[in-house]
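What follows is a single structure, written as structure tokens, with notes after it.
Numbered from 1 within each chain, the chains take letters A, B, ... in sequence-line order. Note that the structure is predicted; figures quoted are calculated from it, not measured.
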Amino acid sequence: MTTSRRPASSRQRSWYRTFHRWVGALAALFVLLLALTGIALNHSHSWRLDQRHVDWPWLLDLYGIEAPAPAASFGHGEHRATLLGQQLYFDGRPVVADVAALTGMITLDGFAVVGSADSVLLLTPAGELVERVDLGAILPGPIDRLGVLDDRAVLAAGGARFFSDPEVTRFDPLEHDPPGLIDWSTQSPPPPPLLLALSEDYRGRGLTIERLLTELHSGRIVGKAGPLLMDMAALCLIGLSLSGLVLWIRRLRRNRSR
Amino acid sequence: MRRIQLLLCSGLLAAAVAFAGNGGEAGRYLETDDYLRQAFAGQVPEVSTLWVDGDLRDAVEDILGHRYGALRTRYWFDGETSVWILDEIGKELPITIGVTVRGDAIANVRVLEFRESRGWEVRYPFFTEQFRHAQLRNDRRLDRNIDSITGATLSVDAVTRVARVALLLHDNVAAPG
């Protein structure tokens with residue numbers, strides 16, 4: 001006569017299998033999302049996901065990402081510098097993303113000179129950044145305005161005026177009144193078509209792929225319930241791991257007893 | 001005995017974590033003028049500019065692994081020693097780094113300004129002293145291994161890249177003819 005201890009353990013095994021199957025099916029989609037977004041976030045820096053942007057209008061609307069009104073805009077000759085937020089645009093081209101203020105723009109022979117609060121940015125006529133010249137150490141105050149005289153840049157700051165060399169490598173104090181008139185740059189609104197293009201570009205830089213993946217990974221993209229759903233998916237994953245381990249150990253024991 | 005040792009180490013570690021302060025935070029640590037005065041013993045030469053274009057630009061971008069942000073960079077050179085003040089992004093914000101090159105080796109590396117909330121450990125001499133006397137190999141890598149800092153990998157990489165670029169640029173301005 002064979003004493004059977006199988007029925008109880010078979011029932012248990014069947015329970016674990018059922019649990020494993022149904023929890024797996026329920027959690028599959030969420031676990032896939034967690035895993036795929038997790039892998040991408042692990043390599044976010046090397047894949048430059050923090051520097052690449054999503055520019056789908058419907059998604060930007062969902063995030064409420066809007067372009068601000070221009071903080072300042074200066075035209076000189078054929079060129080224009082415009083500041084949206086802290087993004088500087090030269091003509092239609094984004095140049096630098098951390099400009100605190102725009103105080104003027106002039107064009108010289110071979111350079112465009114853009115004034116910020118305590119620095120000037122030299123650009124090529126095509127809008128490439130030549131150099132950012134930090135003047136904080138020599139200026140008595142923030143740059144008030146920027147002008148041109150005899151094809152050299154002149155700036156006014158804290159009641160004093162400074163005159164550049166021809167290559168705009170340095171600014172020296174202007175001790176006396178210059179013999180000619182300084183052509184100071186003045187603000188003017190950008191043309192509407194240009195403003196529309198700049199606004200669309202600005203919006204398109206508001207959401208990085210990294211941020212989107214982070215919000216998918218955490219579930220926050222669907223609001224307050226999202227993180228809870230992801231927590232449940234994570235708990236399902238824990239349950240799957242444990243039930244899988246139990247099933248495996250039981251199988252090992254069963255094989256040994258045979 | 002082994003359990004006691006383990007408990008002791010755990011306790012020490014917990015105490016270190018509990019009592020550890022913020023240490024060095026982000027900020028401006030040294031002004032450019034002060035760094036120049038230290039590098040040139042007070043006799044600071046006139047500033048010069050170097051156009052980073054053509055093959056030089058390709059080499060710089062090869063080291064940095066990204067586009068170099070400007071067409072021109074300024075430097076100070078007295079015939080033997082050059083100083084370069086360069087910005088390089090760690091994770092998201094630029095780190096301002098001063099590099100002094102003498103002969104064909106690094107004399108000094110200083111972090112002048114750190115803007116992020118993590119990784120500022122690179123400002124300390126225990127890290128920057130590793131670069132003293134470092135030279136550039138033919139493959140544009142340093143002739144030594146630079147030990148990283150846990151939790152500051154991106155900052156460490158940024159400072160290392162800048163050191164390599166400074167050596168390359170120094171070679172360019174110090175080359176005869």
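- Using a 4.5 Å cut-off between heavy atoms, A:R48 touches chain B through its side chain atoms alone.
- A:E210 approaches B:K91 most closely through the heavy-atom pair OE2-NZ, 3.8 Å.
- Residues A:E128 and B:L71 share a closest heavy-atom pair of CB-CD1, 4.1 Å.
- Note that CD of A:Q51 is 8.0 Å distant from NE2 of B:H66, once rounded to the nearest 0.5 Å.
- Nearest heavy-atom pair across B:R74 and A:V168 is NH2-O, 4.2 Å.
- Heavy atoms closer than 4.5 Å to chain A are found in the side chain of B:L154, but not in its backbone.
- Counted within 6.0 Å of CH2 on A:W47, heavy atoms from surrounding residues, nucleotides or ligands total more than 12; the atom is thus considered enclosed.
- Counting heavy-atom neighbours within 6.0 Å of B:N138 CG, excluding the residue itself, gives a total of 12 or less.
- Residues A:L129 and B:G69 come closest through the heavy atom pair CD2-O, 3.3 Å.
- Taking NE2 from A:H45 and CG from B:D157, the interatomic distance works out to 7.5 Å, rounded to the nearest 0.5 Å.
- Counting non-hydrogen atoms of neighbouring residues, nucleotides and ligands closer than 6.0 angstrom, the CG atom of A:D109 reaches no more than 12 such neighbours.
- In this structure, chain A has a heavy atom under 4.5 Å from the side chain of B:D33, while its backbone stays farther away.
- More than 12 heavy atoms of other shown residues, nucleotides or ligands fall within 6.0 angstrom of atom CZ in B:R28.
- Within a 6.0 Å sphere centred on CZ of A:R220, heavy atoms belonging to other residues, nucleotides or ligands number 12 at most.
- With a 6.0 Å radius and a threshold of 12 heavy atoms from other residues, nucleotides or ligands, B:R118 has its CZ atom at or below the threshold.
- The closest side-chain heavy-atom distance from A:E131 to B:T73 is not below 4.5 Å.
- Open room surrounds CG on B:D55; 12 or fewer heavy atoms of other groups in view lie less than 6.0 Å from it.
- When all heavy atoms of A:E167 and B:R72 are compared, the pair lying nearest together is O-NH1, 2.9 Å.
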